[in-house]
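Keep in mind the model is a prediction, meaning the values are calculated, not measured.
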Amino acid sequence: QVQLVESGGGLVQPGGSLRLSCSASGSNFVIVSMGWFRQAPGKQRDLVARITSGSITHYTDSVKGRFTISRDNAKNAVYLQMNSLKPEDTAVYYCSAELSHDGVIRRYWGQGTQVTVSS
């Protein structure tokens, strides 16, 4: 039984910053990767950034240079530092994790947190 708990969403003005946090809790598992997805109204849920167990990162083109993903293995946590936010970043942001349970990999999702960028 695994839960992903998110925090850090909110309303911010264009050019501002937010930091999203997500921690995984539950039974025995090994983190394969963790990342952030977002879904804006009328759009599909798309990957924003991810980080693997080997600390390899990937960002969607629209956030490169503005967002930074990081992790804290001791806390089973992943963070998304979002700078220079734009109105088009407005979306529900979801934490996601690929976790291995005795070699079986499953994907888990957080409940989502609203990020609104508006003046």
Side-chain angles (χ1 to χ4, degrees):
Q1 188 173 352
V2 174
Q3 291 187 0
L4 301 180
V5 181
E6 301 166 317
S7 63
L11 190 152
V12 65
Q13 293 185 348
S17 298
L18 285 173
R19 182 177 175 87
L20 305 183
S21 300
C22 173
S23 63
S25 63
S27 300
N28 295 334
F29 58 81
V30 175
I31 297 174
V32 179
S33 71
M34 298 186 76
W36 294 91
F37 292 71
R38 67 185 180 187
Q39 186 170 21
K43 295 185 177 180
Q44 295 183 336
R45 186 179 300 185
D46 294 322
L47 177 69
V48 179
R50 70 189 295 268
I51 184 167
T52 71
S53 60
S55 298
I56 303 299
T57 59
H58 174 269
Y59 301 90
T60 191
D61 287 343
S62 62
V63 308
K64 288 180 178 178
R66 300 188 297 120
F67 292 9
T68 302
I69 190 169
S70 61
R71 60 177 171 82
D72 185 335
N73 290 339
K75 298 180 179 179
N76 293 326
V78 64
Y79 309 94
L80 186 67
Q81 179 66 45
M82 304 185 292
N83 298 326
S84 302
L85 283 162
K86 304 175 181 179
E88 49 264 44
D89 295 318
T90 296
V92 177
Y93 284 69
Y94 297 90
C95 177
S96 184
E98 292 178 306
L99 305 180
S100 177
H101 309 261
D102 295 325
V104 179
I105 300 174
R106 292 186 170 90
R107 180 176 291 278
Y108 299 87
W109 295 92
Q111 77 284 355
T113 183
Q114 178 70 46
V115 172
T116 301
V117 185
S118 176
S119 58

If you round to the nearest 0.5 Å, how far is [atom2] of [Y] from [atom1] of [X]?
X   : Y   : atom1 : atom2 : value
S55 : R71 : OG    : CZ    : 3.0 Å
S23 : E6  : OG    : CD    : 9.5 Å
K75 : S25 : NZ    : OG    : 14.5 Å
L20 : S7  : CG    : OG    : 8.0 Å
I31 : N73 : CD1   : CG    : 6.0 Å
L80 : M34 : CG    : CE    : 12.0 Å

Tell me which donor-acceptor pairs under 3.5 Å the side chains of residues 112-119 have, and how far apart each pair is, sequence neighbours excluded?
residue : atom : partner : partner atom : Å
T113    : OG1  : G9      : N            : 3.4
Q114    : NE2  : A91     : O            : 3.4
Q114    : NE2  : T116    : OG1          : 3.3

- [ ] Any chance you could lay out the side chain to side chain contact (heavy atoms under 4.5 Å, CB included) test for F67 and L18, step after step, and finish with the verdict?
- [x] CA-CA 10 Å; F67 292 9; L18 285 173; over 6 Å; no

Scan for salt bridge (Lys or Arg N to Asp or Glu O under 4.0 Å) pairs involving [range], sequence neighbours excluded, and state none if there are none.
range           : answer
residues 51-61  : D61-K64
residues 51-60  : none
residues 76-100 : R38-D89, R50-E98, R66-D89, E98-R107

Answer yes or no: is there a side-chain heavy-atom contact under 4.5 Å between [X] and [Y]?
X    : Y   : result
H101 : V2  : yes
V78  : C22 : yes
V32  : L99 : no

TODO: Would you check if the side chain of S96 reaches a backbone N or O of W36 as a donor-acceptor pair within less than 3.5 Å?
DONE: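 Side chain of S96 to backbone of W36, a donor-acceptor pair under 3.5 Å: no, none is there.
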
Task: I69 backbone acceptor or donor facing Y59 side chain under 3.5 Å - done: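 Answer holds: yes.
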
Open item on the list: Over 60° means perpendicular and under 30° means parallel, so tell me whether W109 and Y94 are parallel, tilted or perpendicular.
Closed with: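 Geometry flag for Y94 against W109: perpendicular rings.
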
TODO: Report the residues that fulfil side chain to side chain donor-acceptor pair (under 3.5 Å) with N83, sequence neighbours left out, ordered by chain and then residue number.
DONE: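 N83: side chain to side chain donor-acceptor pair (under 3.5 Å) contacts with S17, Q81.
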
Task: Single-linkage hydrophobic cluster V63~Y93, side-chain heavy atoms < 4.5 angstrom - done: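 Yes, same cluster.
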
Open item on the list: Side-chain heavy atoms nearer than 4.5 Å, only ILVMFWY residues, links allowed to pass through others: does that put V92 and Y79 together?
Closed with: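 Different clusters.
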
TODO: Tell me, yes or no, whether the heavy-atom count around H58 atom NE2, taken from other residues, nucleotides or ligands under 6.0 Å, exceeds 12.
DONE: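 At most 12 heavy atoms, drawn from other residues, nucleotides or ligands, come within 6.0 Å of this atom.
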
Open item on the list: Going by disulfide (SG to SG under 2.5 Å), name the pairs with one or both residues in residues 57-92, residues two or more places apart or in two chains.
Closed with: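 The answer is none; no pair qualifies.
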
